[in-house]
K.L.:
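Supplied in structure tokens, the structure appears directly below.
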Amino acid sequence: MLDGLSFELLMAIVASMAPVLCFGLIMVFTRRSISASVTVGIIGSFLSWFASLYLFLHYFHAEEAVVFKGAWVVSASLKIPFGYYFDPHSLLMLMIVATISLVIQIYSIGYMAGDPGKSRYYAFLCLFSWSMINLVIAPGLLQLYIFWELVGVSSYLLIGFYFEKWSASEAGKKAFVMTRAGDIGFFIGIIILMLTTGHLSIAVFGNAAEVGNTGLSQALLTLSAILIFSGAVGKSAQFPLLTWLPDAMEGPTPVSALLHSATMVAAGVYLVSRIFPFYAASSTAMMVVLIIGTITMLLSSTMAMTARDIKQVWAFSTISQLGFMFMGLGAGAYFAGVFHLTTHAFFKALLFLCAGVFIHHFETNDFFEMSKAGARKMLIPMITVTIGVAALSGIPPFSGFFSKEAIMAGLAHKGNIWLIAGLLGAAMTAYYSFRVIFVMWFPKGEVEEHGHGHEGGHDDGHGGGRWAWVTEWSMLSVLLILGAITLVLGFFQKELEHFLTGHSAEHHGSQLILVLALGCALAGVILAWFEFGAKNAKQEGFLSRMKSVEALFSNRWYMDHAYRKLLDYVVYGGITNTFTRNDRVIIDGGIDGLCRFTVSLGRAVSRIQSGLLQYNLYLTFLVVALMGLYFLLV
Amino acid sequence: MNELQVYLFVALILFCLGLTGVLQRRSLIAMLISVELMLNAASLNFMAFNRFLTPEPAVGQIVTLFIIGTAAAEAAIGLSIILAVFRRYQSIDIERARELKG
Amino acid sequence: MEPLMAVIIPTLPELIKFEWVAQAAFYFIIGVTLAGAVSAVFLRRIIHNILGLIVALFGVAGLFIYLNSEFLALMQILIYVGAICISIVFAIMLSDPMYKEDPRRRLTKVFASVLVSLLILAGFLSMITKTPFEAAAQRSDDWTVTTVGNLLLTRYALVFELISFVLVVAIIGAIVIAGQGRKQRSLK
């Protein structure tokens, strides 16, 4: 088992187990009392965050991965570990997850104020942090897979949090089923690895030197890599399975920020980067990752250009940024992908939380209406959302600029066509995100002042009384923290690179790429300015002049329709119908027939029962006599 | 045929007579009487073996005593059942008590 | 006269052959037993049956005497004849009235039950004749009531208590069963 209980191990246990303890506490003891539940949840997250911070700092200079593990499944040719695995990558991810979980829980004090299901909400958040943290520090793919599925479950629970709303519960179901569809591939991939190598240790698959020694043939390696990638496709909402993520915005906004932008969807990227050397060993798998990432990024960017719902815009941009990370990984730029994952986690959480403030305040999701209602009077959220958008579009000196630039360099290394696709995506990203910003800063047409509006700050009446400031500042302080992180994180590129890869490479991107990337972003911003920001702008995108294209984009390229058709004709019409008929006719009929047979047999046999005791006795003795005779004579 | 076998034979005939009665009489009391005959056959067997075969001739007597005691209990129960049956059916004819007919 | 008597009496055992008498009495008792049993089973009036049973029980008691157990013979008469048969007579009086015509017996039923009995008879008969019965190597000849009493209160004390317990339960059960019927009837 685990060898010796050191202080580090204790901290690891605290980091990984505090949230689930809180989940249990809330579900069992404090469901009735909302304030107790909130306290428990936040204390648990804080403990977990603190332990993570300790581990992060303690192992910051560790030479090699620190592993606490025990044997879990052991048989002749099979050895599956469980426990904790700390290397720079998992520590970084652990830090991200713990930090964002903590700030989201603080933020939710305000956002969810007055919601009767708050206890349940905090319990689910704790469940999510637990599964995500354990996913991140898993030493083996099987443990990772288990928590991967748990993450899916908690995602389902949180998307469907407003389960009384039909669309929310449908969205939860959709998210769960679609991610499951990818997970099947993941699981098959794991099984292939388990059968061929006999272990699922990340220490091996994550080590370039050892991947070659696992005894996998090239074909099997490619196959299992692609299958595992299909799990990442589902979880990170990549190309064929991307439509669940926009629908997942039915959940509370902090949940969108936590699960569907910063951490959970990043799990797919994390999975690929976690066993990156394994992927790097197969050029086909890398190409698949690159192609899927590119398609996703371009598709979802176009979708974001027509959306009017602020959360939808951020959702599509999340998908496209995840695609961007996969592009980086697929192009072989390991650090760029992970770096973008890190920066993205913070600025996307920031964007969602700002959106949450607006939604909370104006009670609408449409940013055109928010703008008309006077969104620009809310200074702190407006400034932070601008910071986030700038980071998202890759404007210096915000963090997104550095990470995007790193990915661009990787893409340029791979080939010009990928670089062009990346630049196109960057331009579109800048366009749609600044579209939101310009619309909100510069409202056009009738400006109706929101009822209880600007001069009272953000007193929205939900918090009520003297606790209103708690509600307000629990949200705003989080915005400020995240804004600050977004602002400075980019400058730690060198340190992070050294931490992750062990060496700090020279800036290998050429000046040309830098200029190109910046130019594309600026082009997008300028286009957005002329259409939405400038004094005489009509606030109509250029797409509205091309109706068919706009329809294509706003209907998400008809992907949902295709899935609906597939479901109706193949799943419901074909498979479900067949099984239903099978159930009704064969199984039900068989059981009914059996019952009828038994009953009629019983009726027939019961005629023998004459009710005459002597008759029964007679038969008994007859049998006894015959048996006795048999034994005596034979 | 030695002396033991004579006893056994007598007991056997008693048993078979009792069995015939149990199987054939319709009156519950007659059936009870026949059962007593069968019990007597059994105790006669015990006594015979006790007399001719066993190392301790006291044991068979004790068993027979027990049989007599059990027979007393059985008769008490049987008679009360017969009375209950009579109250229910106004008769002690076994062929009229056939509510278990399927 | 005196001398004649003096001559005859000592020689009487030789004349009558006491063993003959005993043998004859033995078969007579067997005959009585079987006759009683037959009348207990085959006669049609229930009161004749009970009388036949009493005769058969006396016969079995006589056989017990032949088997060296006067105590048990007395017990047999005391308990069976004195208690069980009397209570059966009470039951007869409490149930069907005597003037009621006995139901006719069905010949098929009689034949079938006789057949089964004969089968069992045949089976056991062959068993009796085939089995070589052998006495135990060492046998004590202690038949006395003293030993029986000692054993009952020492080795078989538990069983003795148990049988008394069974009797108590039987009595309670009999009262309950008989009483329940009365309650049901009174409810009706």
Side-chain angles (χ1 to χ4, degrees), chain B residues 4-5 7-10 12-21 23-27 29-30 32-34 36-37 40 43-44 47-48 50-59 61-62 64-66 68-77 79-84 86-88 91-93, chain C residues 30 33-34 37-38 40-41 46 49-50 53 56-57 60 63-64 67-69 72 75-76 79 83-84 87-88 91-92 94-96 103 109-110 113-114 116-117 120-121 124-125 128 133 135-136 138-140 142-143 147-148 151-152 156 159 163 166-167 170-171 173-174 177-178 180-181 185:
Chain B
L4 172 63
Q5 281 172 331
Y7 283 104
L8 293 184
F9 184 61
V10 172
L12 179 57
I13 291 176
L14 271 184
F15 180 83
C16 287
L17 282 171
L19 181 61
T20 318
L23 292 184
Q24 165 249 353
R25 297 302 299 268
R26 297 172 65 172
S27 158
I29 291 178
L32 190 67
I33 290 171
S34 307
E36 301 292 350
L37 277 181
N40 264 289
S43 52
L44 192 56
M47 288 300 289
N50 179 54
R51 164 72 180 75
F52 295 104
L53 300 181
T54 39
E56 280 185 79
V59 178
Q61 302 188 39
I62 289 172
T64 310
L65 264 181
F66 288 149
I68 292 174
T70 323
E74 169 254 344
I77 295 278
L79 288 174
S80 65
I81 289 176
I82 288 171
L83 283 187
F86 177 70
R87 289 221 181 89
R88 190 172 172 86
S91 160
I92 53 168
D93 186 348
Chain C
I30 288 178
T33 310
L34 294 184
V38 168
V41 171
I46 194 79
N49 293 143
I50 194 75
L53 177 66
L57 291 177
V60 172
L63 288 177
F64 282 177
L67 290 166
N68 287 355
S69 180
L72 268 180
M75 280 294 120
Q76 170 94 357
I79 296 175
I84 296 178
S87 58
I88 289 178
I92 291 171
L94 283 173
S95 57
D96 278 355
K109 201 172 160 185
V110 177
S113 51
V114 169
V116 168
S117 300
I120 287 190
L121 185 82
F124 278 109
L125 199 59
I128 289 172
F133 292 106
Q138 288 189 324
R139 306 193 62 221
S140 82
D142 188 7
W143 313 95
T147 323
V148 173
L151 279 179
L152 267 182
Y156 298 103
V159 193
I163 201 83
V166 167
L167 277 171
I171 289 164
I177 291 171
Q180 237 178 12
R185 199 182 178 193

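Just so it is clear: chains get the letters A, B, ... in the order the sequence lines come, proteins before strands, and each one is counted from 1.
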K.L.:
Does any part of the side chain of Ser140(C), heavy atoms only, come nearer than 4.5 Å to the side chain of Pro55(B), both counted from C-beta?
P.N.:
no

K.L.:
Measure Ala75(B) against the heavy atoms of chain C and call it side chain, backbone, both or neither at under 4.5 Å.
P.N.:
side chain

K.L.:
Tell me, for Leu8(B) versus chain C, whether the close heavy atoms (under 4.5 Å) come from the side chain, the backbone, both or neither.
P.N.:
both

K.L.:
Roughly how far, to the nearest 0.5 Å, is OG of Ser43(B) from CG of Leu63(C)?
P.N.:
10.5 Å

K.L.:
Could you report the tightest heavy-atom contact between Arg139(C) and Arg51(B), atom names first, then the distance?
P.N.:
NH2-O, 2.8 Å

K.L.:
Measuring heavy-atom distances to chain B, does Ile163(C) have an atom under 4.5 Å in its side chain, in its backbone, in both, or in neither?
P.N.:
side chain

K.L.:
Please flag which part of Leu79(B) lies under 4.5 Å from any non-hydrogen atom of chain C: side chain, backbone, both or neither.
P.N.:
side chain

K.L.:
Measuring from Glu36(B):CD to Ile88(C):CD1, what's the distance to the nearest 0.5 Å?
P.N.:
5.0 Å

K.L.:
Measuring heavy-atom distances to chain B, does Ala91(C) have an atom under 4.5 Å in its side chain, in its backbone, in both, or in neither?
P.N.:
both

K.L.:
Closest approach of Ala30(B) and Asn49(C), non-hydrogen atoms and distance?
P.N.:
CB-OD1, 4.4 Å

K.L.:
May I ask you to test the Leu67(C)-Leu44(B) pair for a side-chain heavy-atom distance under 4.5 Å?
P.N.:
yes

K.L.:
Would you say the side chain of Trp143(C) lies within less than 4.5 Å of the side chain of Asn50(B), judging by non-hydrogen atoms?
P.N.:
yes

K.L.:
Quick one: does Val60(C)'s side chain get under 4.5 Å of Leu14(B)'s, heavy atoms only?
P.N.:
yes

K.L.:
Is there a side-chain contact between Asn40(B) and Gln76(C) in this structure, where contact means two heavy atoms from C-beta onward sitting under 4.5 Å apart?
P.N.:
yes

K.L.:
Please examine the side chains of Leu72(C) and Ile68(B), heavy atoms only from C-beta on, and report whether any two atoms are closer than 4.5 Å.
P.N.:
yes

K.L.:
Less than 4.5 Å apart, side chain to side chain, heavy atoms only: is that true for Phe64(C) and Gln61(B)?
P.N.:
no

K.L.:
Do Leu152(C) and Phe66(B) have side chains that get closer than 4.5 Å, going by heavy atoms?
P.N.:
yes

